[in-house]
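Below is one structure, written out as C-alpha cells; the observations come after it.
Per chain, numbering begins at 1; letters A, B, ... match sequence-line order. Heavy-atom basis, side chains included; hydrogens, waters and symmetry copies ignored.
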Amino acid sequence: MPKHAISPTRGEDYPEWYQQVVRAGDLAEASPVRGCMVIKPHGFALWERMQGILDGMFKATGHRNAYFPLFIPLSYLEQEAKHVEGFAKECAVVTHHRLELGPDGRLIPTGKLEEPLVVRPTSETIIGAMYAKWIQSWRDLPVLINQWANVVRWEMRPRVFLRTAEFLWQEGHTAHATEAEAVEETLRMLEIYATFAERDLAMPVWKGPKPASERFPGAVETFSIEAMMQDGKALQAGTSHFLGQNFARAQQIKFADATGSESFCWTTSWGVSTRLIGGLIMTHADDDGLVLPPRVAPEQIVLLPIHRSDDDRAAVLACCESLKKQLEDRRWRDEPLRVKIDDRDLRGGDKAWQHVKQGVPLRVEIGPRDLAAGAVSLACRDKPPKDRQTLPLEQFVAEVPDLLESIQRGLFDRAVAFREAHSARLDDQAAIPEFFAADGDQPAGFAHVHVADDPAVAAALDPLKVTVRCTPLNWSDEPGTCLFTGKPVQRRSVIARSY
RNA sequence: CGGGGCGUAGCUCAGCCUGGCUAGAGCGCCUGGUUUGGGACCAGGAGGUCGCAUGUUCGAAUCAUGUCGCCCCGACCA
C-alpha cells in the first residue's frame with residue numbers, strides 16, 4: 001500500500017495533487033459540458049455549510065435575499081464602459097430561442113432574438129436597472145440585497161472550484177445615500193468575509209484595497225481577502241467593491257434627498273464563490289486528502305461500528321446509536337454536533353480511509369472490545385491516519401467540543417505558521433526576483449514590500465508573474481518609498497503569484 | 001485565444017513507430033469461499049463499436065486530414 005492516500009503528493013506535483021484530492025474527497029468532477037463541473041453531494045454539503053454561515057452573517061447585518069434573472073439584455077452591459085471592457089471577452093450569449101429539426105435530423109437554432117441576452121457574468125447591471133425603479137426617495141435607502149446564484153464566465157482555462165465556466169456564488173448589491181455609508185458597507189462586508197475565512201474556514205487572510213490594475217471593472221475601489229495556498233500562491237478568496245456613483249450614473253439610480261434635490265446613489269457589490277472550496281482544499285488538505293475544519297465539515301464525527309458476529313453487530317450498533325444521541329445533545333460554537341454512523345458493509349480499513357480522504361474531523365471506532373471496556377477508539381484528521389487513542393466513552397462525550405475547538409484552532413494556527421514561514425519583508429528591488437525565483441519544491445510565498453498604486457509597478461512585476469494582491473488594512477503604518485517608482489507610500493503591500 | 005502534450009474498460013496505462021487471428025494489464029466492480037481492531041487473500045465473472053468524422057487500404061486502435069475534449073505553459077479572470 002502506498003504511504004499516502006493521494007498520489008502524487010503535494011511536493012511531487014501540486015496541481016495534480018489538487019485534482020486528486022477533489023476526486024478522492026468525492027467533492028466534484030468534470031462534466032460533459034466544457035469548463036463546467038458537477039458538484040457532488042459531499043462537495044455540495046460543504047458549500048451548504050458555507051452558505052448557511054454566510055447567509056446568517058448577511059442577515060444579521062440587515063441584508064435580505066432576492067433573486068434576479070439569469071439573462072441580461074446585451075444593452076445593459078454596455079451601460080458602464082469599464083464594466084463592458086472587463087467582461088466582454090468571457091460572456092456566453094444567447095442569440096436564439098427555438099430549435100428546429102434539420103433535414104439531417106440535427107437540431108438547428110432558429111428564432112433569432114432581436115436583442116441577444118448575456119448569461120450573467122455578474123449582476124450589477126440587471127440589479128441596478130431594478131434599483132433605478134425601486135429607489136425614489138432617501139427614505140428608500142439603503143437598499144441591502146444579496147442573491148445566491150450561478151454565474152457564467154467563459155474561462156479559457158478552467159480548474160475545478162478555482163475557475164470554472166459556471167460557478168455558484170453570492171453577490172450582494174447595496175445602494176446608499178452617502179459616500180461614507182457606501183464605503184462603510186464595503187468595509188463591513190470585507191470584514192465579514194475575513195471573519196468567515198479565519199473563524200470558520202480556518203484560512204488566514206490579508207484584507208485590504210487592491211491596486212487599480214486589479215480592480216473590478218467599473219469599481220472605484222476593490223477590496224479583497226487574500227489567502228496563501230500551500231504552494232505559496234495567493235488566492236483571492238472574496239471581494240468587496242465600492243462602486244462610487246459609476247453604476248448609479250450609468251443606470252440612473254437616483255433619489256431625492258431630504259431637501260428635495262436629486263442625486264445619484266452610492267453603490268457597492270461584494271461576493272464569494274465556490275472558489276472558497278478550492279481555497280479550503282489548498283489551505284488544509286494533505287497527502288492523505290481533504291482536511292475539513294470542524295466548523296464547516298458536513299459531518300464532524302463519523303462513528304464506525306466494528307463487528308463480526310450478529311450478536312456483536314446488534315450490541316455495537318446499539319452503542320453507536322446511543323453515542324450518536326449523546327453527541328447530538330452536545331453543542332460546539334452554538335450548534336449541535338453533526339454525527340454520522342457509517343454502517344455500510346465495507347471492510348473497516350477501506351471505510352476508515354474514505355473518511356480520511358473526505359476530511360471528516362473525528363473518526364470514532366467502536367467494537368466489542370470497546371463495548372466491554374466502555375471506551376472508544378478515536379482518530380483526529382489533523383494527525384496521521386494511524387494515530388489512534390482509546391478514551392473512556394464518557395470522557396470522549398465530555399471532551400468532544402474541546403476536541404473540535406482544538407482541531408479548528410490547530411488548523412488555523414498551522415496555516416498562519418505556514419504563511420509566516422513563506423513571507424518575507426523585502427526592501428530592495430533586487431531581492432524581489434530572487435524571492436520569486438525560488439520555483440519548484442520551494443514555494444515562494446508572499447513578499448511584503450513598499451509599492452505605489454501605479455501602472456509602473458504592475459509592469460515591473462509582470463515578467464515575474466507576480467501581482468500586488470492587496471495592501472492589508474490592519475498592518476501598521478510604516479512609511480517608505482515605492483521600490484519601483486520612488487513615490488512615498490504609507491504601508492507595505494502583499495505581492496505574490498496568484499491563482 | 002497562442003505554444004506543447006494526451007484521448008484505448010469506472011481509474012491508471014500498455015499496444016500504434018513497422019496496419020493483419022477473438023484488443024491487453026494492474027487497480028476498482030460483482031459472485032463464492034477463507035478472513036477480519038484496520039486500505040486482506042484465493043477462485044470465478046461482468047465491463048471497450050480504441051474521443052468523433054472523413055479518407056487511404058482487401059483490412060485501421062495503429063497511417064492521413066479534420067473536429068471535439070482534457071492536461072501543462074502563456075494571456076484573461078472569483
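Across every strand in view, rG37(B) sits unpaired, with no contact that passes the Watson-Crick or G-U test at under 3.5 angstrom. Across all strands shown, rG44(B) is found opposite rC30(B) as a Watson-Crick or G-U wobble partner, with both distances under 3.5 Å. rA64(B) is paired with rU54(B) under the criterion used here, namely a Watson-Crick or G-U wobble arrangement in which both key atom distances are under 3.5 Å. rU12(B): Watson-Crick or G-U partner is rA25(B), with both key distances under 3.5 Å. Shown here, rC70(B) forms a base pair with rG5(B); the pair counts as Watson-Crick or G-U wobble because both key distances fall under 3.5 Å. Across every strand in view, rG19(B) sits unpaired, with no contact that passes the Watson-Crick or G-U test at under 3.5 angstrom.
At a threshold of 4.0 angstrom between heavy atoms, the contacts of Gly271(A) with the nucleic acid are absent. Among the heavy atoms of the strands, none lies under 4.0 Å from Pro385(A). Gly35(A) comes within contact range of the sugar-phosphate backbone alone, with a heavy-atom separation under 4.0 Å but no base atom that close.
Looking only at distances, no side-chain donor or acceptor of Trp148(A) sits under 3.5 Å from a matching main-chain atom of Glu171(A).
No hydrogens or angles were tested; on distance alone, nothing pairs the side chain of Asp350(A) with the base of rG38(B) as donor and acceptor under 3.5 Å. Checked by distance alone, Arg347(A) brings no side-chain donor or acceptor within 3.5 Å of a matching partner on the base of rG38(B).
Taking the six-membered ring where the residue is Trp, the centroids of Trp17(A) and His4(A) are separated by 6.0 Å or more.
Distance Trp17(A) CH2 to rC71(B) C1': 18 Å, rounded to the nearest Å.
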